[in-house]
S.K.: 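After the structure tokens below, expect a handful of questions from me.
First the proteins, then the strands, lettered A, B, ... as listed; each starts at 1. This structure is a prediction, so every number in the text was calculated from the model and none was measured.
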Protein chains: 2
Amino acid sequence: MASTTTVGKYLTKRLEQAGLKHIFGVPGDYVLDFFDLLEESSMQVIGTCNELNAGYAADAYARLHGIGGLCVTYGVGGFSAYNAIAGAFAERLPVVLISGGPRLTERSDRHLLHHTIGSMNLQHRVFEPITAAAVILKKPEQAPQQIDATLGAGLRRRRPVYIEIPMDLVAQPCIEPGPFEIDTTIPTDLGALAEAVAEAVTLLTAAQNPIILAGIEVHRLRIQDALVALINHSGYAVASTLLAKSVIPESHPQFIGVYKGYLGRETVQRRVEDADLILCLGTLMTDVNLGHGTALVLDIPKMIVANSDKVRIKHHVYDQVSLRDFMVGLTANLPQRAAAPMISAYAEKGGVEKFVPVRDQEITHKRFYQRLQHFLDLNSLLVVDTGDSIFAAADLLLPGKVPCINQSFYMSIGFSVPATLGAKLAAPERRPVTIVGDGAFQMTAQELSTMIRHRQNPVIFLINNDGYTIERALHEGPYNDLHMWQYHRLTEVFNGGWGCQVTTEGELEDALQKAQAEPDTLAFIEVRLDRLDCSEGILRLGQIFKGHTAQK
Amino acid sequence: MASTTTVGKYLTKRLEQAGLKHIFGVPGDYVLDFFDLLEESSMQVIGTCNELNAGYAADAYARLHGIGGLCVTYGVGGFSAYNAIAGAFAERLPVVLISGGPRLTERSDRHLLHHTIGSMNLQHRVFEPITAAAVILKKPEQAPQQIDATLGAGLRRRRPVYIEIPMDLVAQPCIEPGPFEIDTTIPTDLGALAEAVAEAVTLLTAAQNPIILAGIEVHRLRIQDALVALINHSGYAVASTLLAKSVIPESHPQFIGVYKGYLGRETVQRRVEDADLILCLGTLMTDVNLGHGTALVLDIPKMIVANSDKVRIKHHVYDQVSLRDFMVGLTANLPQRAAAPMISAYAEKGGVEKFVPVRDQEITHKRFYQRLQHFLDLNSLLVVDTGDSIFAAADLLLPGKVPCINQSFYMSIGFSVPATLGAKLAAPERRPVTIVGDGAFQMTAQELSTMIRHRQNPVIFLINNDGYTIERALHEGPYNDLHMWQYHRLTEVFNGGWGCQVTTEGELEDALQKAQAEPDTLAFIEVRLDRLDCSEGILRLGQIFKGHTAQK
């Protein structure tokens, strides 16, 4: 007879086996018994100030660690995290949401239970469309199979999952968990693969100036090595999309920069759009990711688009071809070539450009990013919030294998502060460098305190330009005004780290030196910019957006 | 030919006609054109730090003003507000959620749009189950009728509604709005009414010690006058539920207190549970509202339960009887009687109890609430967050017609700070007195800044007992610990109001005097209590909860 455990312990064991070392969350009475089991497990429970922030932190953790998780109470907890899980679904992150739930025995009572709106299936129902799988555990004998199937679906499809565990099921007996192995390989039809590779090789070999546009799926599927091998072998130039920034080391001599249509550097735009063949590898065809609609000029007839499990060449599709196998096939069949002469992003920008601060000069947007380039080092971890920062930071050249975390498809502002918390736990050897605008910061500011609680050492740049600057550029109105905070003094309220406000290049220099002198301490540097001082990309976007509005 | 306007202007006009003078929200690019129209309207746009807080503020506004509203961008905005709208649905508040949306012409594009997960109907689909009506406006010629029907459903059913307006529909032409009159009367079947009243009168006349248990629907339907007339005429004693606190003036000589089962004062519990007939008027049968499951002792055979549109006597139901008509019918048909001798809440507690501060004595939970009783005045507005505060504050005796805002069915912590913002705008002549625990405060702390921005004058008591005290009482664990903030210094960060920390009765006295001396300024008073110092009700709840857990 199989030895037994409890449903709650089965679930914590599976979460451990799936790789979670930390789990975020907020306790509540429907989930306290399960929180006890989390505390007993090898996972560290990271309490956040609210559930939305737990979701953002788990998302960022999954970006670096391959899987993330959060645990919340029923109704008020799950619903508060909804936006974060939708974001993880959009951007393809396996985030496990565990929710407590009312006792099965109480679900049919005529009494209304707190934290609910009356219907006991609502939470499950609304999470179904934004997860790879969603389940309410109801019978202890079925729970092991349901838990395995749900977690497996999330890991295979790189999407969030939802597991609701009613409070009276936590201690119910079930079988002990065995080994947990999820085959996340995407199956390939060898015939389709051979034909797709052959057609692509023919087109690529005939092309005069092909280019690779590297996308986020390469990161999510953890197949960066296959991409780098293809680049090295083929000699092709490569650009990444905004969402996929950092998917290949940015000092690679064939990396020409981040492509974002009109919003990006003109050299990159021209090189990509003037190519006679564009090989898109794992690219999500989203609006902002490809330059906020400005990239529609990319011609389908000159594109080979390989996504996680299919390849599209011009107007026809090869199904069941995994992205990895396709890249390996190209490397094996393309002629080996040295890289053509090209201006790499490294050569164009980061490797050479010196920065000499002018102490009394007021800091500008442009000069801030020029200086920041030199502050990044091999141990950095870049986290960028949505807004002007996401476009401006795209042109920073990341040293070594420095990862960049942004949310440039879903674009929920406020993501970066909780994301920094999650990212640091997933990559403790790195020091996060976070760039966040004032509007975004006000959304989730309290999570700074959780970083301080756990003695994290990020360097957070709060770009204070007094309002929703990106919206000012798009569409001015009084609703873009914010109440001014003394942002840099929040570290005093939260009892840790240090903060300062800089307005000149000299003050910025001093702050950066202090941050380097105190490598284990959270640094919060409020950079005061002029209200309308923003990136050139955003100014161009504003022109386009206003044109679009005027056209209507 | 009818004169024309635009769909966007039609909607703002209807919102004005429905009574909105303020609308909360956060702008975003899918909704900027509509924000321009809001700014042009007579409504004042109140920008909040995030969308969840906008939802809470609109909910509280609706509690006092009869209707509330918020306007957000698509996806990231609507999803972030989800929990607040679910709360408004549970607690029966007409809150209008306006969401921008992608252009109709873009919805079928193959490109993925930012702030979405790909499916363009998801937001509408998930809001449907938590609203009285939900609509995506798609055709300008249908929009007027859809707007009217949706707003009407919310006002009639006292529930939230969802209106999604795609950005390319805002400026489309449609007919001018005419007068807007929504008949919110609940229809009554006169035969059923007569029979229900006759049966109730017979039972009530025969009862030895009947009691009225007044519920929240009396407030939501704005029929407090009919309730007071019935009480005055019948001479019956009356208790309110927790959720309905303040539904009748608490200095009324027949008001004996707030009923909450074992969690409340024993005199109230005994009087209600020992009654031989309980007349429940507009009471929602929710768990915490009735004493967290401890009130299941209420016997169905000795109850008359009248809700908004039906009356249940013992085990049978009269449909289509409006609560108002039923109360009016009872008043007309019951014999007029003087009140029986009873100990009113006023006599038992607030009217007589003096408070003499002992300056150097550390403040305790019990002494704090005793002192607070004397701080409340006729112009107060009590806002209480979920947690121990909700139980402790229930026994404060509210002077005059002081309203109490709490969320004691849905119980989402963090509600009170944004709710204070909303409540003050709805009742500008009153001064909010807000009680919030440290765990709840950390959820939504940033909205303090919006109160400062609008020069509001609440007196906020932050009860700092270093953790989730209510959960400590229920179920201790390390997850109930919070990071300690210097809460009272947030006013410095937010550039307004003043804050202080008090640990002794003398310090509290000084702070209260300062708050009274500066009636137009926000006061933030952090009250330091011992970690386990909480209300007697919560200690009893902890015992019951642990017993329940042990039974499993």
Side-chain angles (χ1 to χ4, degrees), chain A residues 27 29 32 35-36 39 45 47 49-50 52 76 79-80 82-83 86 89-90 110-115 117 119 122 126 129-130 168 171 284-288 409-412 414 442-443 445-446 449-450 452-453 468 471 474-475 477-480 483-486 489-490 492-495 552, chain B residues 27 29 32 35-36 39 45 47 49-50 52 76 79-80 82-83 86 89-90 110-115 117 119 122 126 129-130 168 171 284-288 409-412 414 442-443 445-446 449-450 452-453 468 471 474-475 477-480 483-486 489-490 492-495 552:
Chain A
D29 64 345
L32 293 174
F35 258 85
D36 285 341
E39 293 285 356
V45 176
C49 294
N50 63 40
L52 178 65
V76 294
F79 294 149
S80 294
Y82 195 80
N83 186 55
F89 184 83
R110 276 192 297 189
H111 271 65
L112 295 166
L113 298 178
H114 67 287
H115 296 352
I117 65 154
S119 157
L122 177 66
V126 300
I130 59 167
D168 54 354
L284 296 186
M285 296 294 162
T286 86
D287 56 352
V288 178
F409 167 28
Y410 193 63
M411 306 203 93
S412 193
Q442 290 196 0
M443 292 247 160
Q446 55 266 77
S449 78
T450 311
I452 288 171
R453 178 181 189 173
Y468 295 117
E471 289 186 2
L474 300 180
H475 195 121
Y479 39 77
N480 293 326
H483 182 63
M484 180 60 74
W485 295 6
Q486 301 219 32
R489 296 190 56 198
L490 269 173
E492 299 166 33
V493 171
F494 296 149
N495 282 315
K552 281 184 320 192
Chain B
D29 64 344
L32 292 175
F35 259 83
D36 285 340
E39 292 285 356
V45 176
C49 295
N50 63 39
L52 179 65
V76 296
F79 294 150
S80 293
Y82 196 78
N83 186 56
F89 184 83
R110 276 192 298 188
H111 271 64
L112 295 166
L113 299 179
H114 67 288
H115 296 353
I117 66 157
S119 157
L122 176 66
V126 300
I130 60 167
D168 54 353
L284 296 186
M285 296 295 162
T286 86
D287 56 352
V288 176
F409 165 29
Y410 193 62
M411 305 202 93
S412 194
Q442 290 196 359
M443 292 246 161
Q446 56 266 77
S449 78
T450 311
I452 288 171
R453 178 181 190 173
Y468 294 117
E471 289 185 4
L474 300 179
H475 195 120
Y479 38 76
N480 293 326
H483 182 65
M484 180 60 74
W485 295 6
Q486 300 220 34
R489 295 189 55 197
L490 270 173
E492 299 167 32
V493 171
F494 297 150
N495 282 317
K552 280 185 319 194

S.K.: When only pairs under 4.5 Å are counted, which of E492(B), R489(B), M443(B) shares the most heavy-atom pairs with chain A?
M.R.: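 Heavy-atom pairs under 4.5 Å are most numerous for M443(B).
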S.K.: If you count heavy-atom pairs under 4.5 Å between each of V76(B), V45(B), N50(B), I130(B) and chain A, which one has the most?
M.R.: V76(B)
S.K.: As an exercise: rank S80(B), G477(B), A90(B), C49(B) by heavy-atom pairs under 4.5 Å with chain A and give me the winner.
M.R.: C49(B)
S.K.: Quick check on L490(B) against chain A: is it the side chain, the backbone, both or neither that has a heavy atom closer than 4.5 Å?
M.R.: both
S.K.: Using a 4.5 Å cut-off on heavy atoms from C-beta on, say whether the side chain of Y82(B) contacts that of V126(B).
M.R.: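 V126(B) vs Y82(B): side chains touch.
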S.K.: Please evaluate residues H483(A) and I452(B) with respect to the criterion side-chain contact (heavy atoms from CB on, under 4.5 Å), reporting the C-alpha separation (whole Å), side-chain torsions for both, the decisive distance (0.1 Å), and the verdict.
M.R.: CA-CA 9 Å; H483(A) 182 63; I452(B) 288 171; 3.8 Å; yes
S.K.: Verify whether one side chain among N83(B) and S412(B) offers a donor that lies under 3.5 Å from an acceptor in the other.
M.R.: yes
S.K.: Using heavy-atom distances under 4.5 Å, tell me whether Y468(B) contacts chain A through its side chain, its backbone, both, or neither.
M.R.: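 Only the side chain of Y468(B) comes within 4.5 Å of chain A.
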S.K.: Does any heavy atom of chain A fall under 4.5 Å from the side chain of F494(B), the backbone, both, or neither of them?
M.R.: both
S.K.: Cut-off 3.5 Å, side chains only: do H475(A) and N480(A) have a donor facing an acceptor?
M.R.: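 There is no such pair between these side chains.
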S.K.: If I measure from the heavy atoms of chain A, does Q446(B) come under 4.5 Å with its side chain, its backbone, both, or neither?
M.R.: both
S.K.: Most heavy-atom pairs under 4.5 angstrom with chain B, which of V493(A), L52(A), T450(A), L122(A)?
M.R.: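 Greatest number of close heavy-atom pairs with chain B: V493(A).
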S.K.: Given the options G47(A), P129(A), S119(A), which has more heavy-atom pairs under 4.5 Å with chain B than any of the others?
M.R.: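 Looking at each of G47(A), P129(A), S119(A) in turn, P129(A) comes out on top.
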S.K.: Based on non-hydrogen pairs under 4.5 Å, which of A445(A), P478(A), A86(A) is most in contact with chain B?
M.R.: P478(A)
S.K.: Just verifying a value: how many Å separate L32(B) CG and E39(B) CD, rounded to the nearest 0.5 Å?
M.R.: 11.0 Å
S.K.: So, does N495(A) use its side chain to make a donor-acceptor pair with the main chain of M484(B) at under 3.5 Å?
M.R.: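 Side chain of N495(A) to backbone of M484(B): a pair is present.
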S.K.: What's the verdict on side-chain contact (heavy atoms from CB on, under 4.5 Å) for H114(B) and Y410(A), showing C-alpha distance, side-chain angles and the deciding distance?
M.R.: CA-CA 5 Å; H114(B) 67 288; Y410(A) 193 63; over 6 Å; no
